[in-house]
There are 2 protein chains.
Amino acid sequence: MAHPHMDLRDFPETLLRAREKRYALAAFVHCSVVYSGRAEATLGRGDRLLILKSDGTVLIHQPESSVPINYMKAGSAITVEEVEDHFLIRVANVAEKSALEIELFRVYECIARELSDGQKQDLSGHERDMSDWIRDNPTSMGDGFRPIAREEHTDVGFIDVFGHDGDGGFVVVECKRVTASLTAVDQLRRYVERVSAIKGTKNVHGILAAPAITPNALEMLLSYGFTYRKVDAPKRHLRWNAQQKGLAEY
Amino acid sequence: MAHPHMDLRDFPETLLRAREKRYALAAFVHCSVVYSGRAEATLGRGDRLLILKSDGTVLIHQPESSVPINYMKAGSAITVEEVEDHFLIRVANVAEKSALEIELFRVYECIARELSDGQKQDLSGHERDMSDWIRDNPTSMGDGFRPIAREEHTDVGFIDVFGHDGDGGFVVVECKRVTASLTAVDQLRRYVERVSAIKGTKNVHGILAAPAITPNALEMLLSYGFTYRKVDAPKRHLRWNAQQKGLAEY
DNA sequence: TACTACATCTCGCAT
DNA sequence: ATGCGAGGTGTAGTA
């Protein structure tokens with residue numbers, strides 16, 4: 001499995017060929033990086049994983065951490081040129097007005113290949129599932145709650161679930177699939193105020209539906225006269241629970 | 001540069017060895033994926049780039065797009081076992097209560113290597129740079145503004161720049177490095193209200209400092225009696241501008 | 001550990 | 001193109 005270290009001189013050819021053939025490329029390299037665009041950043045020399053995709057995506061990963069230390073999004077133009085004793089990879093994205101320069105001092109190993117994949121991820125457990133569930137189980141938001149609309153762009157805007165209470169008033173429900181914090185309360189308040197203004201009534205109640213809420217958020221919520229309802233996002237942890245016992249051995 | 005296709009049977013050994021030696025591993029593979037944790041997700045068979053890092057990070061990249069289609073964060077446990085005609089990589093993260101299963105049908109190419117990198121990125125142009133600049137250029141927020149604290153956890157909380165106006169009142173400045181939207185106004189309002197409550201005065205003015213602001217956000221801001229000040233994040237586009245003319249050729 | 005806010009956030013969706 | 005909000009957001013800083 002050990003590949004011989006690549007001759008640095010061969011890399012430009014390899015890169016250009018990969019680009020031409022629309023291959024993906026992955027290489028362990030020794031490099032330094034400069035980014036300029038939405039911010040300015042420099043990164044000194046070190047060993048990294050360099051990834052180039054056929055769509056113009058560029059990723060630079062350090063040996064640890066799940067996020068790339070540098071990246072350029074799809075649509076970037078990639079060039080390589082010789083500079084003294086090393087190579088310079090220039091990546092430019094006109095739409096993003098950003099540029100990345102990779103000074104390449106060593107290429108330890110490199111693979112390049114055409115990849116074929118038309119699959120899309122099928123995902124469940126998002127916020128939309130929660131608002132669906134609430135619409136179908138309205139009593140979970142209190143007796144008398146009658147939902148009118150769910151996640152639609154009505155005249156009141158982006159409201160997760162909107163409805164009547166049993167008493168002539170309106171109800172705005174904001175769903176969070178994770179612990180609700182201060183920003184969720186801000187958001188709910190803004191929606192409630194917008195509905196109040198549009199409907200011309202102060203009889204608008206806010207409900208925050210989430211599996212949990214932080215103490216400060218709850219305090220703020222209650223100070224506005226709003227209500228917290230504990231609701232878990234549907235379908236979560238199916239396989240996790242199935243695997244639970246097997247984890248002890250790790 | 002063409003590596004022979006790897007025999008699938010050799011992969012478990014390669015993976016275990018890489019884990020043991022704390023190597024990073026990158027491979028072009030044909031696989032399907034199931035994720036379970038904060039949500040539930042499945043991804044059918046396709047060609048992808050699989051990355052394993054020594055810290056337990058796992059990334060699965062499709063041929064396009066800059067974000068991984070699946071990932072597990074550092075600290076994950078990784079095992080591999082034979083299942084009929086293919087292999088199953090199990091990734092489990094106890095802290096995150098999440099699990100990933102990769103059904104591996106083919107390994108086209110694979111590289112594994114120890115990576116050494118102690119560098120940290122030096123980045124400028126973030127929000128902190130803006131609040132620094134405002135503190136050092138207080139008149140940009142209006143005559144009479146005298147900053148007291150910047151981005152410190154005082155009794156008033158997380159406020160970017162906090163100070164006096166020239167007239168016995170308080171000023172709260174919220175900075176955004178990009179176009180300010182409704183959420184930024186929410187945030188500023190929350191801070192202003194908190195300061196009002198703590199200081200026991202209604203004489204608290206809110207200023208939103210950003211390179212731009214959306215129309216709705218500006219309307220909402222003004223309705224609260226707050227002020228917008230146009231401020232660009234410092235140091236931006238240095239190299240971008242330098243490269244501008246060279247981009248025409250891409 | 002929990003809470004908070006930033007991020008070169010990214011992405012999708014609607015206007 | 002811009003505005004807006006979700007995200008398996010991730011990450012850093014702090015109590």
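The figures that follow rest on heavy atoms only: side chains count, while hydrogens, waters and symmetry mates do not. Not measured: the values here are computed from a predicted model. Each chain gets a letter, A, B and so on, in the order its sequence line appears, and its residues count up from 1.
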* Asked: Which class fits the ring pair A/His205 and A/Phe226: parallel under 30°, tilted 30 to 60°, perpendicular over 60°?
  -> perpendicular
By nearest atom, which of the nucleotides [options] is closest to the [X] side chain?
X: A/Ser181; options: C/dT4, C/dA5, C/dC11; answer: C/dT4
X: A/Thr179; options: D/dA6, D/dT11, C/dC3; answer: C/dC3
X: A/Pro215; options: C/dC11, C/dC3, D/dG8; answer: C/dC3

Rounded to the nearest angstrom, tell me the gap between atom [atom1] in [X] and atom [atom2] in [N].
X: B/Asp186; N: D/dC4; atom1: CG; atom2: P; answer: 11 Å
X: A/Gln62; N: D/dG10; atom1: CD; atom2: C1'; answer: 15 Å
X: B/Met130; N: C/dA5; atom1: CE; atom2: P; answer: 17 Å
X: A/Glu40; N: C/dA7; atom1: CD; atom2: P; answer: 14 Å
X: A/Asp160; N: D/dG5; atom1: CG; atom2: P; answer: 10 Å
X: B/Arg177; N: C/dA5; atom1: CZ; atom2: P; answer: 18 Å
X: A/Leu218; N: C/dA2; atom1: CG; atom2: P; answer: 17 Å
X: A/Asn216; N: C/dA2; atom1: CG; atom2: C1'; answer: 11 Å

Do [X] and [Y] have side-chain N/O donor and acceptor atoms under 3.5 Å apart?
X: A/Thr214; Y: A/Asn216; result: no
X: B/Gln121; Y: A/Asn70; result: yes
X: A/Gln62; Y: B/Lys120; result: no
X: A/Glu103; Y: A/Ser32; result: yes

Does [X] reach a base, just sugar-phosphate, or nothing at all? Heavy atoms under 4.0 Å.
X: B/Asn70; answer: base
X: B/Met72; answer: base
X: B/Glu174; answer: sugar-phosphate

* To do: Work out which heavy atom in A/Arg38 is nearest to a heavy atom in A/Tyr35; give both atom names and the distance.
  => N-OH, 2.9 Å
[atom1] spacing across the pair [N] / [M], given as an integer number of angstrom:
N: C/dT4; M: D/dG8; atom1: P; answer: 22 Å
N: C/dC11; M: C/dA7; atom1: C1'; answer: 14 Å
N: D/dG5; M: C/dT8; atom1: P; answer: 22 Å

* Structure fact -> Between A/Thr214 and B/His126, the residue closer to the 5' end of DNA chain C by nearest nucleotide is A/Thr214
* To do: Specify the residue among B/Leu182 and B/Ile69 whose closest nucleotide of DNA chain D lies further upstream toward the 5′ end.
  => B/Leu182
* Do we see A/Phe158 stacking on the base of D/dC4, given a limit of 5.5 Å between centres and 30° between planes? -> no
* Within less than 4.0 Å of OP1 or OP2 of D/dT9, is there a side-chain N or O belonging to B/Arg38? -> yes
* So, is A/Tyr71 close to the C/dC9 phosphate, meaning a side-chain N or O under 4.0 Å from OP1 or OP2? -> no
